[in-house]
Amino acid sequence: MEQAVKGIHHITAISGNARKNYDFYTRIMGLRFVKKTVNFDDPHTYHFYYGDEKGTPGTILTFFPWEEIMAGRRGTHMATEVGYSIPEGSIDFWLKRLDAANMIYNKPSSKFGEVYLTFLDPDGLKVELTVPEKSDDRIPWETAEVSADNATRGFHHVTLTLEDIQPTADLLVSVFGYQLQKNHANRYRFASPSGEPGSYVDLVEAKGEQRGHVAGGSVHHVAFRMKDEAEQLLYREKIEKLGLHATEQLDRKYFRSVYFREPGGVLFELATDSPGFTVDEPLAELGTHLKLPAQFEPQRQEIESKLIKLG
């Protein structure tokens, strides 16, 4: 292929209580709170963005926190794991940190020759911390409690659990330019030939397993990196030629988006790398102000009155 998708842009999930979500990901996980805004379709619900200092593509985990949301159920036709890259020698730090926070976690194990630690966030979202085979040189966000020696570097992988992996695998290879890198039992790891960190997509085939339900503690969609709008339109055309419906380009302020549902049932997004999160806040002030889409600015007072206070 002439080109290939570089990797994951962001992953969006659903949580319950906004304050609990904010506290966990900023304090326990040590991520930067990059943007505090609202859901484009539900302006009385927050949309949180967490990442590195700049909110670099490949580090951005976002949440829609709905206070009364029911718990989701992991199963087929959905993304079931969010994987972060962590430095060598940091597993013990994270074990102690998760234990002190009374989080549910499993003992470290090994997958594709890499040591990893699995835990559930406060809403039950399955997260994995992986020490990558190849050193991850991305510069992390540091906090008083999570130093650079232990901090997450950004995404390592995302896992999709599917009834049949073949249609999804075909899309990853023929459209995204991904390549099958490794396989063990029913897990297949695909990667971009770009070699960019945060490009792995693991497909787990679970024939006969119950279909999952996307709700609290679930991944809503997975977004992949597009260099610019021209590249985004090129990939949109490829997707449409497969008979899959793709939305028009939508302005999400911090990037442009195209959405489609891949053959296995998971909602995918194509998101541009630019303009980024400093388009409406200086770098030093990211995440410190409630930023509203222009159409909701006239309702600011009413919206702010209904949003839960974070601190």
Side-chain angles (χ1 to χ4, degrees), residues 8-27 29 31-70 72 79 82 121-123 125 127 141 154-155 158 214-225 247 249-259 267-281 283 285-311:
I8 300 166
H9 182 282
H10 67 269
I11 298 172
T12 294
I14 300 170
S15 76
N17 182 267
R19 191 180 296 114
K20 185 185 295 185
N21 178 268
Y22 170 80
D23 180 69
F24 179 77
Y25 282 96
T26 58
R27 191 176 66 82
M29 289 297 291
L31 304 181
R32 185 173 194 189
F33 192 44
V34 175
K35 194 65 63 177
K36 177 171 61 173
T37 183
V38 295
N39 189 320
F40 271 74
D41 302 313
D42 180 10
H44 296 116
T45 298
Y46 279 122
H47 190 179
F48 292 161
Y49 292 78
Y50 305 98
D52 67 0
E53 181 185 19
K54 300 177 182 178
T56 307
T59 73
I60 311 160
L61 180 62
T62 99
F63 284 91
F64 298 131
W66 277 297
E67 297 297 317
E68 305 300 325
I69 192 74
M70 66 180 292
V82 175
D121 86 349
D123 291 286
L125 180 67
V127 181
W141 176 251
F155 294 128
V158 66
V214 175
S218 303
V219 172
H220 184 270
H221 64 267
V222 180
F224 292 87
R225 293 179 60 186
T247 68
Q249 287 178 315
L250 301 173
D251 185 2
R252 296 313 196 195
K253 196 165 188 175
Y254 311 113
F255 41 85
R256 299 273 287 184
S257 299
V258 169
Y259 300 88
L267 185 60
F268 276 5
E269 176 184 351
L270 308 177
T272 58
D273 280 357
S274 60
F277 294 99
T278 56
V279 71
D280 60 358
E281 277 181 308
L283 181 62
E285 297 177 20
L286 288 183
T288 60
H289 312 281
L290 176 65
K291 309 306 293 186
L292 296 178
Q295 65 267 35
F296 298 132
E297 197 58 56
Q299 305 169 45
R300 174 173 286 274
Q301 187 173 357
E302 185 258 343
I303 289 171
E304 286 184 334
S305 70
K306 293 187 177 180
L307 292 172
I308 187 173
K309 304 302 180 188
L310 298 181

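For clarity, every value in this text was computed on a predicted model and none was experimentally measured. Values below: every heavy atom of this structure, side chains too, minus hydrogens, waters and symmetry copies.
Minimum interatomic distance between A271 and A223 (heavy atoms only, all atoms of both residues): CB-CB, 4.2 Å. When all heavy atoms of L286 and F277 are compared, the closest pair comes out as CD2-O, 3.2 Å. Considering every non-hydrogen atom in both E281 and T288, the closest pair reads OE2-N, 3.5 Å. The shortest non-hydrogen separation linking H10 to T62 is CD2-CG2, 4.0 Å. Residues N21 and S15 come closest through the heavy atom pair ND2-CB, 3.6 Å.
Rounding to the nearest 0.5 Å places NE2 of H220 at 6.0 Å from CG of L267. Taking OG from S305 and NE2 from H44, the interatomic distance works out to 7.0 Å, rounded to the nearest 0.5 Å. With values rounded to the nearest 0.5 angstrom, H289 atom NE2 is found 12.5 Å from L292 atom CG.
D42 and W66 form a side-chain donor-acceptor contact under 3.5 Å, judged by distance and modelled atom types alone. Remark: the T37 side chain and the H47 side chain contain no N/O donor-acceptor pair separated by less than 3.5 Å.
Considering Y49, F63, F48, F33 in turn, F63 is the only one that fulfils the ring pair (Phe, Tyr, Trp, His ring centres under 6.0 Å) rule with Y25. Between P65 and the options D123, T45, N17, L307, a side chain to side chain contact (heavy atoms under 4.5 Å, CB included) holds for only T45.
Residues I69 and I14 are in side-chain contact: their nearest non-hydrogen atoms beyond the backbone lie under 4.5 Å apart.
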Report task. Walk me through it: do I303 and V38 pass the test side-chain contact (heavy atoms from CB on, under 4.5 Å)? Result -> CA-CA 9 Å; I303 289 171; V38 295; 4.3 Å; yes
Requested in this report: Evaluate side-chain contact (heavy atoms from CB on, under 4.5 Å) for R32 paired with D52, printing each intermediate quantity in order.
Outcome: CA-CA 6 Å; R32 185 173 194 189; D52 67 0; over 6 Å; no
Query - Residue pair R256, D251: steps toward the side-chain contact (heavy atoms from CB on, under 4.5 Å) verdict - result: CA-CA 5 Å; R256 299 273 287 184; D251 185 2; 3.4 Å; yes
Report task. Mind running side-chain contact (heavy atoms from CB on, under 4.5 Å) on F24 and M29 for me, showing each step along the way? Result -> CA-CA 6 Å; F24 179 77; M29 289 297 291; 3.5 Å; yes
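In terms of modelled atom types and a separation under 3.5 Å, the side chain of Q249 and the main chain of V258 share no donor-acceptor contact. At distances below 3.5 Å, at least one donor-acceptor pair connects side-chain atoms of R300 with backbone N or O atoms of L290.
Enclosure of atom CD in E68 is not indicated, since only 12 or fewer non-hydrogen atoms of other residues, nucleotides or ligands lie within 6.0 angstrom. Enclosure of atom NZ in K253 by more than 12 non-hydrogen atoms of other residues, nucleotides or ligands within 6.0 angstrom is indicated. Counted within 6.0 Å of CD on Q301, heavy atoms from surrounding residues, nucleotides or ligands total 12 or fewer; the atom is thus considered open.
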